[in-house]
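Working notes for the structure below.
Below, chains carry the letters A, B, ... as their sequence lines are ordered, and counting in each starts from 1.
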Amino acid sequence: MLRFLVRRTLGAVVILFLLSMVTFVLFFGVPRDPALLMCGKTCNADAIANIHHVLGLDKSIPEQYLIFLHNLVMGSDSFAQGPCPAPCFGYSYHSNEPVWDTLIDRLPTTVSLTIGSAVFFLVIGIGAGLVAAWRRGTVVDKVATAGAMVISGMQIYFLGPLALALLVYQTHWFDKPAYNDFTANPLTWFSGLLIPWVILSTIFAAQYTRMARSSMIEQLQEDHVRTARAKGMSRRYVFFRYAWRGSLIPIVTIFGIDLGSLLGGAIITEWTFGLPGLGQLSVQSVFFSDLPLLLGVMLFAAAMILLFNIIVDAAYAFIDPRVRLS
Amino acid sequence: MTTLTKEAGVPAPAGDGPLLSVRDLHVSFKTEDGVVRAVDGLSFDLERGRTLGIVGESGSGKSVTNLTVLGLHNPMFTTIEGEILLDGQELTTARESEMEKLRGNKVAMIFQDPLTALSPYYTVGRQIAEPYMKHTGASKKEAWNRAVEMLGKVGIPNPKARAGEYPHQFSGGMRQRAMIAMALVCDPDLLIADEPTTALDVTVQAQILDLLKDLQQEFGSGIIFITHDLGVIADMADDIMVMYAGSAVERGSVDSVLHAPEHPYTWGLLNSMPRLDSDPSIALTPIPGSPPSLLNPPSGCRFHPRCPFQDRVEGNRCVTERPLLGAGESACHLTPAQKRDIFVDEIKPRLG
Amino acid sequence: MTKDLLLPAPRDEGADAGGEPLLEVSGLTKHFPVKGGFPIRRTIGAVQAVDGIDLSVRVGESFGLVGESGCGKSTTGRLITRLMEPTAGTISYRGKDISRASRRELAPIRSEIQMIFQDPYSSLNPRQTVGKIISGPMEINGIEPPGGREKRVRELLEIVGLNPEHFNRFPHEFSGGQRQRIGVARALALEPKLIVADEPVSALDVSIQAQVVNLLQKVQRELGIAFLFIAHDLAIVRHFSQRVAVMYLGKIIEVGDRDSIYTRPRHPYTHALLSAVPEVSVAGEQAPARERIRLAGDVPSPIDPPSGCRFRTRCWKAQDKCATEEPPLVQLSGNRAGHLTACHFPEEPTTEAREEDIILDPALAALEEDTSKD
């Protein structure tokens, strides 16, 4: 198991390295100069050259890349704005803040949004899927299946504004969604995020309902499940001990991917509800051609996805002894 | 060891009727294409401690019959008519909770493919111990010891350590042994073995068949042995029932069915199967055509579209009238004399 | 299949050449690498699927290859048809070494060696009509038979006992046995000289098996095609083959003509295999009782096979010599010509019952000990 984790972590580092390289090349491939954005009204060739020099954009691309890598690992004192300890992504072109601090600053919003909605969509989604599978073919099953089908056809940018319009602006039952620090006041944290959680998890839950139902039904038709019934185990026992164990594999797989990508920033959700998380940050970085911020957001999101991939693979080993012992 | 004290071969005292009695059983499934009549008017008895071999090809209803005995069909799509009496208890109308008490306890089952029939997620020991705990109320530790004991009995070397392993760490033959241990853990009166050796190699099959026979001596269970292989039946069973398209076409002792078969389908099976002692220069005589669809079975005798002897029955009876199976006979309109003559003059010489 | 069919006259090669070898295989070996290691994955071992086998198939002959799962019989078939690359050894076809031949060099020979697969459900493309499936090999090889490909396909369908009018149907419209007939027709399309049939009937119901066996036999005899017939069913191999080789863990342990192998086997494994076949004895009481041998456990892993003789770990006659010295495949004294056995301590050439059964399985031995005491 340890060998496996070490090998996978090394692999992830290599992927991040390649990804940063590709991002670099693509950034300079786009015919858009960040200096033009920063230069302002009194812009001339000299001013632009000066900005290029200050940002280090006058160096060759490979050279800039090496400097980026060096700073990332070793930190740097050569920034005009101040010291930049490792992991140093440099200072944002736009806000002049250290990129790493900005990321850390935005992280709680994204983590709160993700964890909160994950709890909702796992419980509701899988729960509904299990009920549908248990009562397969009955009205309950048909309602759950049809409901999941309808909801999974909807999108955040439809449900989100609808919820805001109804629950916030029309009825004033809720305040406008906002992120409040959990440590300061858990209650306002909860009420501020409730609407985004519910909307985001509704859409995810539908997917989990369908998946939990179909994989449970598939598992219930397995030979070993029939064997368990043939030796006198009750339907409930077989459902939760034998079939459930097998249907966990596809659920964990998708959950890992979802969690990883949500932690990298739920772009549309954050925009819809005006929550300043990593998703908003990534849009900003592209908008302002902010290379340090872009690299920071990209690599952070990629690292999250890779991390959860490794966690998912490790989880397989806990679920399935065939993976663990081979 | 308390449950192992039953004397070899001596029937259990309860009741003096047959252990299992199936009467006019009909099982049909609702499918998208229509109603499949998987079992259509089947009757048979099994005495205590005896082995009934059921032989038939895919779709003959042999497996469905036995899943129905255990009540493992899906009640939503299945219709069952007729009687299944186990020790006098009616099973077709029994409540689910009563069936749960019987399964794995009084009636146990061994399935074809031991790789898929054991759960990959739990240790072999746990899977054997589970029904023992459930049916005897034994503690976890007692049940585990019982599982180890059973694994030793079925010939798994070092059973103490192997009980803690998972099925994928066992070889094919060892898995089937574990399956047998699981089926016998509660000392069942009836053991249903559904093609238990079809997935195994021939030398391993021989070990498993002998093991089952020897264990039957010790446990005194009645066995229903389902297979498509007449050789395996000849080796295992006391009585044979040949099934075709959902019903029995011939029934009798191994000796009478294999040495003086009466039904054209049984003849066809014997003639289409090479043996180690047959004359290889005599060509096989296949049964023409293929098995019928059970969505829309043939009228009259189900076998008539494939039967080469149809024209020897007077009139159109094979097409219009369904032959019935009496005790120790065959479901065929040929007269007993015709059956004897055809077998001796036309079938036996081709057997080499 | 009852009426006489329009079969092309048997080709002269099949008719006149009695013992001429068509295919000769020597030292054929296939090892599959096993990956592992840390931190960099590398080859740490090999599955010795086929490990140095010699065999020859004569023109028009049917040669049977039997053995249990994992013995390498299917791999051998795939090596001979060059669906897999051999690790070592030579395969020569009509005296020409094809074991390393390139695609181009192989092209003319490919059409002469065809394969029939086990599973009639997955070996036919479900999106192609039967006509397309059967004419495919002709198209690929650029063969334009007289009267056109369609006429040839109709002929082939008739030879294998299918209705030529079903030319435009898809595989799913046929039953298992009929699909295997389509597989046979496809193999015949290029007028092959050798067909490798890998478990061609084991997926079929008993009553259908006989239909396909008879068809293959007709093809073999009437068209003079040589067969390498690979199967685990000893009775079917006996029925179909003139010569038979028995494989165990990647080696041929005994080979000879049919009668010699089935009635005068010398290798203990052949004895065990034959004695394990459950039989319907039609003769009843008159037949002499067969010997009873019950081995212990399963076949060992081909990743780390036993030294010396590979069967020694399950053999009741094994001695020290068997662990150190691999027995050569030779003709033992008293055996017919061509009956070769790889064993240091061969058995008597009979399959009749012994004074005492050989029961190596400890559980069986214990249970039978108990019952004999009672």
Heavy atoms only, distances under 4.5 angstrom: which of [options] has the most pairs with chain C? Name it, please.
options	result
Ser278(B), Ser290(B), Pro291(B), Ala283(B)	Ser278(B)
Leu269(B), Asn271(B), Leu211(B), Thr285(B)	Leu211(B)
Ala234(B), Gly155(B), Ala206(B), Gly268(B)	Ala206(B)
Asp235(B), Thr203(B), Leu230(B), Leu276(B)	Leu276(B)

State whether the side chain of [X] and the backbone N or O of [Y] hold a donor-acceptor pair below 3.5 Å, judged by distance alone.
X	Y	value
Gln209(C)	Met273(B)	no
Gln207(B)	Gly297(C)	yes
Asp210(B)	Leu364(C)	no

Less than 4.5 Å to any heavy atom of chain B: does that hold for the side chain of [X], its backbone, both, or neither?
X	result
Ala296(C)	backbone
Glu68(C)	both
Ile293(C)	neither
Val213(C)	side chain
Ser175(C)	side chain

Select, from [options], the one with the greatest count of heavy-atom pairs under 4.5 Å involving chain B.
options	answer
Leu295(C), Val299(C), Leu360(C), Val212(C)	Leu295(C)
His232(C), Gln178(C), Arg292(C), Gln217(C)	Arg292(C)
Leu273(C), Asp298(C), Ile236(C)	Asp298(C)
Ala210(C), Gly70(C), Ala363(C), Gly177(C)	Ala210(C)

Of Ile208(C), Leu215(C), Asn214(C), Val206(C), which meets side chain to side chain contact (heavy atoms under 4.5 Å, CB included) against Pro286(B)?
-> Asn214(C)

Part of [X] within contact of chain C (heavy atom distance under 4.5 Å):
X	answer
Val154(B)	backbone
Pro288(B)	backbone
Ile282(B)	backbone

Indicate the atoms forming the closest heavy-atom contact of His239(C) with Pro280(B), along with that distance.
-> CE1-O, 3.8 Å

Going through the checks in order, is the side chain to side chain contact (heavy atoms under 4.5 Å, CB included) test met by Arg275(B) and Val280(C)?
-> CA-CA 7 Å; Arg275(B) 302 183 320 276; Val280(C) 179; 4.3 Å; yes

What's the spacing between Leu284(B) CG and Ser207(C) OG if we round to 0.5 Å?
-> 12.0 Å

Find the distance between CG (Leu204(C)) and CD (Glu57(B)) and round it off to the nearest 0.5 Å.
-> 10.5 Å

For Val277(C) and Gln205(B), run side chain to side chain contact (heavy atoms under 4.5 Å, CB included): C-alpha distance rounded to whole Å, both residues' side-chain angles, the deciding distance at 0.1 Å, then the answer.
-> CA-CA 9 Å; Val277(C) 177; Gln205(B) 163 170 288; over 6 Å; no

Hits for side-chain contact (heavy atoms from CB on, under 4.5 Å) against Cys307(B), two or more places apart or cross-chain, chain-then-number order -> Pro264(B), Phe303(B), Phe309(B)

Where do Ser272(B) and Gln211(C) land on the side chain to side chain contact (heavy atoms under 4.5 Å, CB included) test, with the steps shown first?
-> CA-CA 8 Å; Ser272(B) 56; Gln211(C) 297 175 3; over 6 Å; no

So, Arg290(C) and Asp277(B), do they make that salt bridge, N to O below 4.0 Å?
-> no

By salt bridge (Lys or Arg N to Asp or Glu O under 4.0 Å) - contacts of Asp361(C) (at least two apart) = Arg177(B)

